[in-house]
Asker: 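Here's a structure for you.
One-based numbering, in listed order, for ligands and for the atoms of each. Computed over heavy atoms, backbone and side chain alike; hydrogens, waters and symmetry mates excluded. Start at 1 with the first residue, then count along the sequence.
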Amino acid sequence: MSVHAKRAVALAAGLSSPAVVMADWTMNMSPGVTGTSNQIFSLHMTILWICVAIGVVVFGVMFWSIFAHRKSQGAKPANFHENTVVEILWTIIPFAILVAMAIPATATLVEMYDTTESDVDIKITGYQWRWQYEYINEDFGYFSSLSTPRDQIENRQAKGENYLLEVDNPLVIPVGKKVRFLLTANDVIHSWWVPEFGVKKDAIPGFINETWTRVDEPGIYRGQCTELCGKDHGFMPVVVEAVPEEEYNAWVAGQREAAEKERQLTEKDWTMDELMARGEKAYQTACAACHQADGSGMPPAFPALKGSPIATGEMDAHIDIVVNGKSGTAMQAFGNQLSEVDLAAVITYERNAWGNNTGDMVTPKEIFDYKNQE
Ligand SMILES: [Cu+2]
């Protein structure tokens, strides 16, 4: 068979099995699950079709002119320089088209910016590299951190279905209610984005930006930080769980109770074993990204905690660097990111794990007192 024949056969085979050739040709935007995202989608479609119509007319006239008035047919070019009628027409027609497109677009924008009359208000704070959600008026809040295991990230394990798009504590909101988000950041600029809601807003330190959503369909929606915010920018996903209202109310009640329990936990008498177990968990979530799971760090950027003079030395210095961080370095202040219980647990863990056998233990109560003497 000649090369050409082979190619023809391959092409015919390809064309006759579209399932293989067109594996996944979903090219359009998706309409999403909120009124806003649907409006954005229909604007996008309307304007696409206007562009298609303009394209067909303009290229139609152009190709027809080129073909019908070609030189070989003896065509002589017409001369309409400075033709007032043509100049007025080609100014007015595009202007009218632009205005016709701007009217629905502006209406959608105005609605997107209308954050009044909300049913639920949630403050969202971006941190390197996690999100904090605080339910204003409900007296509780929490951090939402990536939950993809480090083994998947470092290719020691097959990657899961929601790789890098899964968190320990998703944001929970009720369906059918207007939820207002107040966005800010604690360190650098982040941006909170959930494509299916048609919501994307910058979170800027020192500013509060507002946006809102109303989700109609219960479900789990995933998004990401969409402002390049440092080393783990790709590791701070957004996960939102939209649930029916009764379920939401029950969840809120549970959260408030848990927050109250947490306050009581600070008072409880902790044993070394309990602190170590809790400390290991907190360490893996909040510290291992830099200091590594085995405490070996990544010197010189991130010091090893195994055998570190601070983690095995004086207790106050250790508490100080974890609670207040060290300004000008990647070591952030964990004082208000972690509860007193988790701070006590993680410090106790660092002083006794990986052969740092100091035997020291610090209680949540001591951390509480430490923070309040400052
Ligand atoms: Cu970010």
Side-chain angles (χ1 to χ4, degrees), residues 32 34 36-37 112 115 121-136 141-150 152-154 159-160 162-173 179-213 215 220-242 282-292 298 301-302 322 324-338 342 346:
T34 63
T36 304
S37 67
M112 284 168 71
T115 54
D121 302 291
I122 299 172
K123 180 177 168 211
I124 302 179
T125 310
Y127 285 76
Q128 282 173 319
W129 290 277
R130 54 182 61 81
W131 296 100
Q132 182 185 27
Y133 300 124
E134 287 168 281
Y135 287 70
I136 304 173
Y142 52 87
F143 279 86
S144 178
S145 310
L146 179 73
S147 63
T148 301
R150 296 220 68 87
Q152 286 186 18
I153 295 169
E154 283 154 24
K159 303 200 187 307
N162 294 311
Y163 179 68
L164 297 187
L165 290 175
E166 50 199 346
V167 297
D168 49 1
N169 306 305
L171 176 69
V172 178
I173 58 172
V179 182
R180 180 168 68 131
F181 301 120
L182 301 165
L183 284 120
T184 186
N186 187 56
D187 34 45
V188 300
I189 303 180
H190 301 270
S191 188
W192 196 84
W193 179 42
V194 181
E196 281 157 301
F197 294 175
V199 167
K200 183 194 224 178
K201 200 80 181 173
D202 279 359
I204 306 172
F207 290 81
I208 298 218
N209 281 342
E210 287 183 69
T211 184
W212 67 276
T213 193
V215 182
I220 293 178
Y221 304 103
R222 296 172 200 277
Q224 280 159 300
C225 175
T226 173
E227 185 69 61
L228 188 52
C229 61
K231 164 178 160 287
D232 280 358
H233 163 62
F235 298 75
M236 52 180 295
V238 173
V239 179
V240 182
E241 215 180 309
Y283 179 85
Q284 297 304 342
T285 317
C287 325
C290 297
H291 294 294
Q292 303 302 299
M298 289 200 258
F302 307 120
V322 178
N324 300 315
K326 182 148 176 190
S327 61
T329 76
M331 182 60 201
Q332 330 150 34
F334 284 93
N336 54 14
Q337 291 195 46
L338 298 177
D342 280 334
V346 88

Asker: Is it the case that S191 and D202 place a side-chain donor and acceptor less than 3.5 Å from each other?
Answerer: yes
Asker: Short check: any N/O/S atom of M236 below 2.8 Å from the Cu ion (ligand 1)?
Answerer: yes
Asker: Examine all N, O or S atoms of C225, backbone included, and report whether one is under 2.8 Å from the Cu ion (ligand 1).
Answerer: yes
Asker: Which single N/O/S atom of H190 lies at minimum distance from the Cu ion (ligand 1)?
Answerer: ND1
Asker: Answer with yes or no whether the side chains of E166 and T148 bring together a donor and an acceptor at under 3.5 Å.
Answerer: yes
Asker: Side chains of Q332 and Q337: do they bring a donor and an acceptor to under 3.5 Å?
Answerer: yes
Asker: Which residue in the set T213, D121, T211 passes side-chain hydrogen bond (donor to acceptor under 3.5 Å, both in side chains) when paired with R180?
Answerer: D121
